[in-house]
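Below you'll find the structure, written out as structure tokens, and then a few comments.
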Amino acid sequence: MAGGVCRSKARLDGKTVLITGANTGIGKETALDMAQRGARVILACRDMTRARIAADEIRQRSGNGNVVVKKLDLASLQSVRDLVKDVQENEARLDILINNAGIMMCPKWETEDGFEMQFGVNHLGHFLLTNCLLDMLKKSAPSRIVVVASRAHQRGRIHFDDINLDKSYSPGKSYSQSKLANILFCRELATRLQGTGVTVYSLHPGVIHTELGRHFLSTLAMWKKMIVMPFSLLVKRPWEGAQTTIYCAVDESQANVSGLYYSDCAPKEPAPQALDDAAAKKLWDLSASMVGLA
């Protein structure tokens with residue numbers, strides 16, 4: 001159940017890594033690993049209090065004082081743009097962007113801009129963030145973009161005729177759509193970045209005991225919780241769940257590979273709908289329109 005482990009000893013001295021949702025779970029473990037490798041690590045988080053506490057812990061455990069916190073609420077396109085402006089004005093370079101933050105199985109909520117919450121946070125927020133930081137990533141090349149997706153994409157499809165699922169919403173349907181969107185985004189982005197020195201990776205981190213499942217667990221009846229809880233002893237710990245993210249971010253063997261999907265620190269074949277280039281292009285165009293990109 002623990003899965004693969006990243007064995008790379010690559011150093012990141014002089015490099016800058018930005019990780020969304022890095023104050024808890026696998027994002028925090030990823031940030032700690034990047035700091036231990038000598039990188040300047042930016043924790044881009046919604047909850048600044050928890051982010052500052054996490055940053056203090058990472059500095060102490062890694063011995064690296066070059067860990068900073070910046071505000072990012074992926075449910076707000078304005079917050080994304082504010083972070084981009086901050087990074088462009090105050091950072092000299094960006095070598096690794098890790099799109100880690102997410103929300104899972106929540107009720108039918110909306111983002112600040114009126115998008116369905118899971119699609120808005122898991123896909124659209126990261127879509128805008130990544131596109132706005134591409135120039136910095138290109139200038140810092142060779143650089144990498146890592147997109148944390150999920151095996152849940154296997155049950156997903158993109159509902160182009162009802163992208164916000166206003167006609168038929170369920171938490172699982174929405175989550176699967178957003179995770180399929182992550183992989184299609186990675187695939188199309190890799191095509192667009194050919195020859196730039198920027199490589200892109202999407203991944204399934206595994207089934208992990210983190211806060212991500214809090215909305216799902218809260219909806220279960222007590223008898224279902226009693227059945228589920230023993231299985232929580234078998235799922236990955238955050239350190240184990242972060243290994244594939246770390247592998248995609250630093251492993252030397254993947255330096256010239258782009259657009260693939262990974263699980264347990266190895267390339268894996270995603271579901272057929274995640275290999276649909278026409279859908280990837282259509283999703284890109286729709287997403288660009290929704291977030292206001294030319």
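These numbers were taken from a predicted model, which means no experiment stands behind them.
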Open item on the list: One pair to check against side-chain contact (heavy atoms from CB on, under 4.5 Å): Leu193 and Leu134. What are the steps and the verdict?
Closed with: CA-CA 9 Å; Leu193 290 175; Leu134 281 181; 4.1 Å; yes
TODO: Might you work through the side-chain contact (heavy atoms from CB on, under 4.5 Å) test for Glu112 and Leu77, ending with a clear yes or no?
DONE: CA-CA 8 Å; Glu112 179 181 289; Leu77 297 183; over 6 Å; no
Open item on the list: Before you tell me yes or no, could you show the steps for Val200 and Arg144 under side-chain contact (heavy atoms from CB on, under 4.5 Å), namely the whole-Å CA-CA distance, both residues' side-chain angles and the distance that decides it to 0.1 Å?
Closed with: CA-CA 6 Å; Val200 193; Arg144 302 190 189 193; over 6 Å; no
Task: From CA spacing to verdict: side-chain contact (heavy atoms from CB on, under 4.5 Å), Val5, Trp239 - done: CA-CA 10 Å; Val5 174; Trp239 182 87; 4.0 Å; yes
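Residues Leu133 and Val87 have side chains in contact (heavy-atom distance under 4.5 Å, counting atoms from C-beta outward). Residues Phe115 and Val121 have side chains not in contact (no heavy-atom distance under 4.5 Å, counting atoms from C-beta outward). Between Gln177 and Ile163, the closest side-chain pair of non-hydrogen atoms falls below 4.5 Å. No side-chain heavy atom of Phe185 sits less than 4.5 Å from a side-chain heavy atom of Ser202. For the pair Arg81/Leu128, a side-chain contact is recorded, criterion being any heavy-atom separation below 4.5 Å from C-beta on. Between Ser287 and His123 the shortest side-chain heavy-atom distance falls below 4.5 Å. Taking the side chain as every heavy atom from C-beta outward, Arg11 and Lys9 never approach each other to under 4.5 Å. Here the side chains of Tyr261 and His204 are in contact, with some heavy-atom distance below 4.5 Å.
Here CH2 of Trp109 is found 9.5 Å from CD of Gln118. Values are rounded to the nearest 0.5 Å. The distance from the CE atom of Met34 to the OG1 atom of Thr30 is 6.5 Å, given to the nearest 0.5 Å. One finds the OG atom of Ser143 at 9.0 Å from the CD1 atom of Ile96 (value rounded to the nearest 0.5 Å). One finds the CD atom of Gln243 at 10.5 Å from the CD1 atom of Ile26 (value rounded to the nearest 0.5 Å). Asn100 contributes atom CG, which lies 9.0 Å from atom SG of Cys45 (distance to the nearest 0.5 angstrom). The line from CZ of Arg151 to NE2 of His153 is 10.0 Å long, rounded to the nearest 0.5 Å.
Shown here is Asn256, whose CG atom has no more than 12 heavy atoms of other residues, nucleotides or ligands within 6.0 Å. In this structure, Lys108 places its NZ atom where more than 12 heavy-atom neighbours from other residues, nucleotides or ligands lie under 6.0 Å away.
At distances below 3.5 Å, at least one donor-acceptor pair connects side-chain atoms of Ser140 with backbone N or O atoms of Met136. Not one N or O on the side chain of Asp73 forms a donor-acceptor pair closer than 3.5 Å with the backbone of Arg46. Checking side-chain atoms of Glu110 against main-chain N and O of Met117 turns up no donor-acceptor pair under 3.5 Å. One N or O on the side chain of Asp47 and one on the backbone of Thr49 form a donor-acceptor pair closer than 3.5 Å. With Thr244 contributing its side chain and Cys265 its backbone, the two residues share a donor-acceptor pair below 3.5 Å. Judged by distance alone, with hydrogens and angles left aside, the side-chain atoms of Gln273 form a donor-acceptor pair with the main-chain N or O of Gln154 at under 3.5 Å. A distance-only check finds a donor-acceptor pair linking the side chain of Tyr201 to the backbone of Val257 [under 3.5 Å]. Judged purely by atom type and a 3.5 angstrom limit, Lys179 has no side-chain atom pairing as donor or acceptor with the backbone of Arg155. Between the side chain of Asp86 and the backbone N or O of Asp82 there is no donor-acceptor pair closer than 3.5 Å. The backbone N or O of Glu57 lies less than 3.5 Å from no partner atom in the side chain of Gln60, so there is not a single donor-acceptor pair.
In the hydrophobic clustering of ILVMFWY residues, with side-chain heavy atoms under 4.5 Å counting as a link, Leu275 and Phe160 come out apart. Residues Tyr169 and Met105 do not share a hydrophobic cluster, clusters being chains of Ile/Leu/Val/Met/Phe/Trp/Tyr side chains in contact below 4.5 Å. Follow the hydrophobic side-chain contacts under 4.5 Å out from Trp284 and you never reach Ile183; the two are in separate clusters. Grouping the Ile, Leu, Val, Met, Phe, Trp and Tyr side chains by contacts below 4.5 angstrom, directly or via other members, places Met104 apart from Leu165. Taking hydrophobic clusters as Ile, Leu, Val, Met, Phe, Trp and Tyr residues chained together by side-chain heavy-atom distances below 4.5 Å, Phe119 shares a cluster with Leu72.
Considering all non-hydrogen atoms of both residues, Ala274 and Pro270 come closest at CB-CB, 3.8 Å. Considering all non-hydrogen atoms of both residues, Asn64 and Ala39 come closest at ND2-O, 2.7 Å. The minimum heavy-atom distance between Val250 and Ala10, with the atom names listed, is O-CB, 3.9 Å. Closest of all the heavy-atom pairs between Thr111 and Gly120 is CG2-CA, 4.0 Å. Here the shortest heavy-atom pairing between Leu260 and Cys186 reads O-SG, 4.2 Å. Between Leu43 and Ala31, the shortest heavy-atom distance links the atoms CD1-CB, 4.2 Å.
Tested against Asp277, the residues Arg192, Arg187, Lys282 include a single salt bridge (Lys or Arg N to Asp or Glu O under 4.0 Å) partner, Arg187. Test Lys70, Lys15, Lys85 against Glu91 for salt bridge (Lys or Arg N to Asp or Glu O under 4.0 Å) and you get one pass: Lys70. Looking at Thr20, Thr245, Asn182, Thr130 one by one, the single match for side chain to side chain donor-acceptor pair (under 3.5 Å) with Asn99 turns out to be Thr130. If you run side chain to side chain contact (heavy atoms under 4.5 Å, CB included) between Leu94 and each of Ile145, Leu137, Asp135, only Leu137 comes through.
For Lys173 and Ser168, the side-chain atoms include at least one donor-acceptor pair closer than 3.5 Å. Between Thr199 and Gln254, the side chains place no donor N or O within less than 3.5 Å of an acceptor N or O (distance only, hydrogens not considered). In this structure, a donor-acceptor pair under 3.5 Å is absent between the side chains of Asp251 and Ser8.
Asp33 has a carboxylate O that lies under 4.0 Å from a charged side-chain N of Arg37, or vice versa, which qualifies the two as a salt bridge. Salt-bridge check for Lys281 with Asp285: passed, with a basic side-chain N closer than 4.0 Å to an acidic carboxylate O.
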